Peer 1: 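Can you read through this structure? Questions will come right after.
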Amino acid sequence: ASGLGETRRRELEIPASAVVLLSVRALRPLMGHHYVLEAFALLAREPQFRDVVLALKRYLPSPDGYEDRLRARVDELGLASRVFWLSDARSEDMPVEYSLAEVVINYPEQDGFPVTLFEAAACRRPIVSSDLPAYRGMVDEEAVWLAPPANPERLAETLRACLSAGVVENETRLMRAEQFARERGDHVVHALDVLHIERGVDIDSRGQAFLDVRPTASVARSGGVRGR
């Protein structure tokens, strides 16, 4: 992690040796955090991933008790010491949130604009994402680790591949992702603006955050997943 990320880790009491998987989408069922948790549980059983931890962001929590169910499942799985809960952050703090992670997970069952992917790419974090039709042509499929949605076993396989990849492969993907983010980022933000103006669709802090992330892409430059 970068200096900013290391500071954030200390605040959250995440061990310095930990490899952090960060799931940043809204804390709602459609965003697939329950699948992420089950995939993480599969990885957590394997000795080579004993240092891997999961961070879930409490962003726009669902009012239907979803967080409580997730927390109960964490306890059932015996993973309370390896799952960390991040409070929501201001848009200008998003680069710091990304910089504490080795891998960013984006795993919704349905989605529109994949702003999270552009933010993570701008911060040069490896990305594991659900493979959704809505993303086709909007993201570089050679830059992102893709898994079919709603499938924790396949997500675990993809996370395993990402965490096990060498520095060269991850750096190649990071470079492609960052280039794609720079080339397409303005297009995505413009599209969000059009939706807001013409259709009255609210742009939440996830969309605005990308505007703040782009100038700070150097905040978290690494040569691949830490520890690999």
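In this text the structure is predicted, and so the values were computed from the model without any measurement.
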Peer 1: Looking at every non-hydrogen atom in both residues, tell me the closest pair between Glu13 and Phe84 and how far apart they are.
Peer 2: O-CE2, 3.5 Å
Peer 1: With side chains defined as the heavy atoms from C-beta onward, is the minimum distance between Glu6 and Arg10 less than 4.5 Å?
Peer 2: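 In short, these two side chains touch, coming nearer than 4.5 Å.
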Peer 1: Mind checking whether Pro108 and Arg25 have side chains closer than 4.5 Å, heavy atoms only?
Peer 2: yes
Peer 1: Measure the spacing between CG of Leu54 and CD1 of Ile14 and express it to the nearest 0.5 Å.
Peer 2: 10.0 Å
Peer 1: Between Glu11 and Arg8 (salt bridge meaning N to carboxylate O under 4.0 Å), is one present in this structure?
Peer 2: yes
Peer 1: Atom CD of residue position Gln110 - does it have more than 12 heavy atoms of other residues, nucleotides or ligands inside 6.0 Å?
Peer 2: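 No, CD of Gln110 has 12 or fewer neighbouring heavy atoms, counting only those of other groups under 6.0 Å.
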Peer 1: Flag yes if Leu155 and Val74 sit in one hydrophobic cluster, no otherwise; membership is Ile, Leu, Val, Met, Phe, Trp, Tyr, and two members link when side-chain heavy atoms are under 4.5 Å apart.
Peer 2: yes
Peer 1: Could you walk me through whether Val83 and Leu56 pass the side-chain contact (heavy atoms from CB on, under 4.5 Å) test, one step at a time?
Peer 2: CA-CA 7 Å; Val83 176; Leu56 294 169; 4.2 Å; yes
Peer 1: Which atom names give the shortest non-hydrogen contact between Leu43 and Leu163, and what distance separates them?
Peer 2: CD1-CD1, 4.1 Å
Peer 1: Indicate, with yes or no, if Val36 and Met31 share a hydrophobic cluster defined by side-chain heavy-atom contacts under 4.5 Å among Ile, Leu, Val, Met, Phe, Trp and Tyr.
Peer 2: no
Peer 1: For Glu76, I'd like to know if atom CD has over 12 heavy atoms of other residues, nucleotides or ligands within 6.0 Å.
Peer 2: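 For Glu76, atom CD is crowded (more than 12 foreign heavy atoms under 6.0 Å).
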Peer 1: Considering non-hydrogen atoms only, spot the tightest contact between Arg69 and Pro29 and give its length.
Peer 2: NH2-CG, 4.3 Å
Peer 1: Got Leu21 and Val53 here, is their nearest side-chain heavy-atom distance under 4.5 Å?
Peer 2: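 Answer no - side chains too far apart.
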Peer 1: Less than 6.0 angstrom separating the ring centers of Tyr107 and His33, yes or no?
Peer 2: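 They do not qualify: ring centres at least 6.0 Å apart.
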Peer 1: At what distance, to the nearest 0.5 angstrom, does CE of Met94 lie from SG of Cys123?
Peer 2: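 Here the rounded value is 8.0 Å.
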Peer 1: If you define the side chain from C-beta out and look only at heavy atoms, does anything of Leu77 sit under 4.5 Å from Phe40?
Peer 2: no
Peer 1: When you compare the side chain of Ile105 with that of Leu159, does any pair of heavy atoms fall below 4.5 Å?
Peer 2: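 Yes - at least one pair of side-chain heavy atoms lies under 4.5 Å apart.
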Peer 1: Give the intermediate values and the outcome of side-chain contact (heavy atoms from CB on, under 4.5 Å) for residues Ser23 and Tyr35.
Peer 2: CA-CA 11 Å; Ser23 187; Tyr35 297 122; over 6 Å; no
Peer 1: Do you know the tightest heavy-atom contact between Ile127 and Ala121?
Peer 2: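 Looking at all heavy atoms of both residues, the shortest contact is CD1-N, 3.8 Å.
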Peer 1: Counting N and O atoms only, with roles assigned by atom type, does the side chain of Arg173 sit under 3.5 Å from a partner on the main chain of Pro126, one being a donor and the other an acceptor?
Peer 2: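 It does not hold such a pair.
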Peer 1: I'd like to check the side chain to side chain contact (heavy atoms under 4.5 Å, CB included) partners of Glu67; sequence neighbours left out, ordered by chain and number.
Peer 2: Leu27, Arg58, Pro61, Arg71, Trp85
Peer 1: Where is the tightest heavy-atom contact between Val104 and Tyr98, given as atom of each residue plus distance?
Peer 2: CG2-CD2, 3.6 Å
Peer 1: Can Arg160 and Glu46 be counted as an ion pair, charged N to O under 4.0 angstrom?
Peer 2: yes
Peer 1: What I want to find out is whether Arg9 reaches Glu97 closely enough, with some N-O distance under 4.0 Å, to be called a salt bridge.
Peer 2: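 Result for this pair is no, no salt bridge flagged.
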Peer 1: Does a salt bridge link Glu178 with Arg125, judged by any charged N lying under 4.0 Å from a carboxylate O?
Peer 2: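 Judged by the 4.0 Å cut-off on N to carboxylate O distance, Glu178 and Arg125 do not form a salt bridge.
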Peer 1: For residues Pro152 and Leu42, report the shortest heavy-atom separation together with the two atoms involved.
Peer 2: O-CD1, 4.1 Å
Peer 1: Filter on side chain to side chain donor-acceptor pair (under 3.5 Å), then keep only pairs touching residues 130-150, sequence neighbours left out; what's left?
Peer 2: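 Listed once each, the pairs are Asn106-Tyr135, Asp111-Tyr135, Asp131-Arg136, Asp140-Arg176.
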Peer 1: For the atom pair CD (Glu157) and CG (Asn151), what is the distance rounded to the nearest 0.5 Å?
Peer 2: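 So the CD of Glu157 and the CG of Asn151 are separated by 8.0 Å.
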Peer 1: Output the distance between atom CZ (Arg124) and atom CG (Asn170), rounded to the nearest 0.5 Å.
Peer 2: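 With rounding to 0.5 Å, CZ (Arg124) is 10.5 Å from CG (Asn170).
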Peer 1: For atom CZ of Arg28, is the number of surrounding heavy atoms from other residues, nucleotides or ligands below 6.0 Å larger than 12?
Peer 2: yes
Peer 1: Could you measure the distance from the CZ atom of Arg73 to the CG atom of Leu70? Nearest 0.5 Å is fine.
Peer 2: 10.5 Å
Peer 1: To the closest 0.5 Å, what do you measure between CG (Leu12) and OG1 (Thr7)?
Peer 2: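 One finds 11.0 Å between CG of Leu12 and OG1 of Thr7.
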